Amino acid sequence: MLLFCLQEFTIDLFLRQEWIDYRLDHGLNDTISLGNAVSENIWLPDSYFLNAKKGYFHDVTSSNRMIMIAPGGLVKYNLRYVLLFNQIY
């Protein structure tokens, strides 16, 4: 006999990712913050969450995303994400 309990839980998280894209090296000594409209024009990673049932970007009052480009093409991508998981045990 196989008995299991299915339980759902939600995680509200801040995801921070960094990578280097030499095409975005702006030659300045300062970090540049980009608006949300510009984020559609640069490459962003496709993050995958194993066993996630649903997921969405947190967009209450405004989009909770931030993209910064540091010297040397270092891209810093911060976003708020809500995930729904199933837990089977």
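Treat the numbers as computed from the prediction; the structure is a model and nothing was measured.
Counting heavy atoms from C-beta on, the side chains of Arg80 and Asp12 come closer than 4.5 Å. For the pair Trp19/Leu44, a side-chain contact is recorded, criterion being any heavy-atom separation below 4.5 Å from C-beta on. Leu34 is not listed as a side-chain neighbour of Met68, based on a closest heavy-atom distance of 4.5 Å or more. Residues Met66 and Tyr77 are not in side-chain contact: their nearest non-hydrogen atoms beyond the backbone lie 4.5 Å or more apart. Side-chain contact between Ile42 and Ile67 is present, with heavy atoms from C-beta onward closer than 4.5 Å.
In the hydrophobic clustering of ILVMFWY residues, with side-chain heavy atoms under 4.5 Å counting as a link, Tyr22 and Trp43 come out apart. Cluster annotation: Phe14 is not connected to Tyr81 through the hydrophobic network of ILVMFWY side chains, with a link wherever side-chain heavy atoms come within less than 4.5 Å.
Taking CZ from Phe9 and CG from Leu83, the interatomic distance works out to 9.5 Å, rounded to the nearest 0.5 Å. Here CG of Leu79 is found 7.0 Å from CD of Gln17. Values are rounded to the nearest 0.5 Å. Atom CG of residue Leu84 and atom OG1 of residue Thr10 lie 4.5 Å apart, to the nearest 0.5 angstrom. Interatomic distance, CG of Asn78 versus CD of Glu18, reported as 8.5 Å (0.5 Å rounding). Summarising the geometry, atom CD belonging to Gln7 is positioned 14.0 Å from atom CZ belonging to Phe85; distances are rounded to the nearest 0.5 Å.
The environment of Asn41 atom CG is dense: over 12 non-hydrogen atoms of other residues, nucleotides or ligands sit within 6.0 angstrom.
Ile69 pairs with exactly one of Val38, Asp25, Leu28, Leu24 by the side chain to side chain contact (heavy atoms under 4.5 Å, CB included) rule, that one being Leu24.
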